[in-house]
Amino acid sequence: MDKLSIIVPCYNEEESIPLFYSAVSKVLTEIPNVVPEYWFINDGSDDDSLKEIKNLSESDKNVHYVSFSRNFGKEAAIYAGLQNSTGNYVVVMDVDLQDPPSFLPKMYKLIKSGKYDAVGCRRVDRTGESKFKSFLSDKFYSVINKISKTQIVAGVRDYRMMTRQMVNAVLSMKEYSRFSKGIFSWVGFRTNYLEYHNVERVAGKSDWTTRKLFKYAMSGIADFSQAPLNIAVWVGFFSFALSLIGIFFIIIRKIIVPTSSVFGWASIVSVILLIGGLQLLCMGIIGRYIGKIYLQVKERPIYIIKEKK
Ligand code: UDP
Ligand code: MG
């Protein structure tokens, strides 16, 4: 018998929870020799999500939950789920049925074959999403894969099944700022990706605005790449080289035409503004990383539990 832990982050999903449970439990009956262990993580929902989860846990002893004291974000919920899971295989799934449960038997079969340590899923299209959002996502994947050693497959979801060994590796990464797509890739292991077409959520709505996604992407880049710091170094280097040329030019001009110094107010102001701007930009980039260090050294918990069963 294998135990399959199913980790489900939920934030204001009262409508989706029962639909999710019935869809998944139906699919699981198709997989022989597997006992499920559900871990619903209530990420500080304001609606009746927790009540729905409690209802399920009363009727099914395999349903467990962790309820946070407030909204800590999906990454924290995934971490809590992984920490509590006890199965020898673990799968992370969204509750809105955008991660098709019908893939579970195939994922299990692939992972069970021993050829892979993880089976992930990637969307090959983004129908139902705004053009602008898709454009930004595409750019994000191409940028991060250029500047980071941690490669992220385009369109990859958090929906993946992993072996206990890989889960333990993920849990050993205790960073406060968690970017799962990067973490899953960073730990290594052999991953197989299943492809599928985008499915729209079954109920409720996504609270990922373009702004939030952009912030998430920027933070992910800072978590897995130091290239922006190199940009600061190169910008500094080039403006230094340019200023040397400038100084040389000014000295020569002074020697050749001694009265020339009255000219050049506009150029001085432009140079000051340009250098000032570049300095602020570089300080901002460095500040981003310092902020991450600050959060990490405080060692605050990644989440706080209010209730658990
Ligand atoms: N979620 C969460 N905490 C949050 C936001 C979302 O646990 O602060 C959960 C949500 O309930 C869902 C999953 O994360 O199960 C994915 O969220 P969503 O559907 O909003 O994201 P999308 O599918 O648009 O990427
Ligand atoms: Mg969704």
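For ligands, and for the atoms within them, numbers begin at 1 and follow the listed sequence.
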- Do the charged groups of Arg70 and Asp43 touch, with an N to O distance under 4.0 Å? no
- Query: Any idea which protein heavy atom is nearest atom 21 (O) of ligand 1, and the distance to it?
  - Reply: Trp208 CD1, 3.1 Å
- Query: Going by the order shown, which atoms of ligand 1 are within less than 4.0 Å of some heavy atom of Asp96?
  - Reply: 19 (O), 23 (O)
- Message: Just so I know, are the side chains of Phe184 and Met162 near enough to count as touching, which here means a heavy-atom distance under 4.5 Å?
- Response: yes
- Message: Please list the nearest protein heavy atom to atom 16 (C) of ligand 1 with its residue and the distance rounded to 0.1 Å.
- Response: Asp94 OD2, 3.2 Å
- About how many Å separate CD1 of Ile275 and CG of Leu280, when rounded to the nearest 0.5 Å? 11.5 Å
- Task: Find all atoms of ligand 1 within a distance of less than 4.0 Å from any non-hydrogen atom belonging to Gln98, and give their numbers and elements.
- Result: 19 (O), 22 (P), 23 (O)
- Message: If we ignore hydrogens and angles and just use 3.5 Å, is the side chain of Asp47 paired with the main-chain N or O of Ser49 as donor and acceptor?
- Response: yes
- Query: Counting N and O atoms only, with roles assigned by atom type, does the side chain of Ser219 sit under 3.5 Å from a partner on the main chain of Lys215, one being a donor and the other an acceptor?
  - Reply: no
- Message: For Asn71, which part has a heavy atom under 4.0 Å from ligand 1: side chain, backbone, both, or neither?
- Response: side chain
- Structural part of Arg157 in contact with ligand 1, heavy atom criterion under 4.0 angstrom: side chain
- If we number the atoms of ligand 1 from 1 as shown, the ones under 4.0 Å from a heavy atom of Cys10 are 7 (O), 11 (O)
- Item | Axial cation check for Tyr79 ring with Arg178, 6.0 Å and 45° limits | yes
- Task: For residues Val90 and Gly87, report the shortest heavy-atom separation together with the two atoms involved.
- Result: CG2-O, 4.1 Å
- Count up the protein N, O or S atoms sitting under 2.8 Å from the Mg ion (ligand 2), would you? 2
- Query: What's the shortest distance from atom 1 (N) of ligand 1 to any protein heavy atom, and which residue and atom give it?
  - Reply: Tyr11 CB, 3.8 Å
- Task: Please check if the distance between the ring centroids of Phe179 and Tyr216 is under 6.0 Å.
- Result: yes
- Query: Closest non-hydrogen protein atom to atom 18 (P) of ligand 1, residue and atom name please, with distance?
  - Reply: Arg201 NH2, 3.4 Å
- Only residue of Lys181, Met93, Gln98 satisfying side-chain contact (heavy atoms from CB on, under 4.5 Å) with Arg157 is Gln98
- Among all protein non-hydrogen atoms, which one is nearest to atom 14 (O) of ligand 1, and what is the separation to 0.1 Å? Lys74 CD, 3.2 Å
- Query: Going by heavy atoms, is Met93 under 4.0 Å from ligand 1?
  - Reply: no
- Note on the structure: atom 4 (C) of ligand 1: closest protein heavy atom, distance to 0.1 Å, is Asp43 OD2, 3.4 Å
- Contact (N/O only, under 3.5 Å) between Ala77 and ligand 1: no
- Message: Exactly one of Tyr38, Trp39, Phe40 should register a ring pair (Phe, Tyr, Trp, His ring centres under 6.0 Å) with His64. Which one does?
- Response: Trp39
- shortest atom 15 (O) of ligand 1-to-protein heavy-atom contact is with Pro9 O, 2.8 Å
- Is any side-chain N of the basic residue among Asp2 and Lys112 closer than 4.0 Å to the acidic one's carboxylate O? yes
- Task: For the pair Arg122 (side chain) and Ala154 (backbone), establish whether a donor and an acceptor sit closer than 3.5 Å, ignoring hydrogens and angles.
- Result: yes
- For Trp234, look at atom CH2 and say whether over 12 heavy atoms of other residues, nucleotides or ligands are found less than 6.0 Å away. no
- Message: Quick check on Lys109: does its NZ atom have over 12 non-hydrogen neighbours (other residues, nucleotides or ligands) under 6.0 Å away?
- Response: no
- Would you mind listing which atoms of ligand 1 come within a distance below 4.0 Å of any non-hydrogen atom of Gly73? 3 (N), 8 (O)
- Message: How far is atom 11 (O) of ligand 1 from the closest protein heavy atom, and which atom is that?
- Response: Glu13 OE2, 2.6 Å
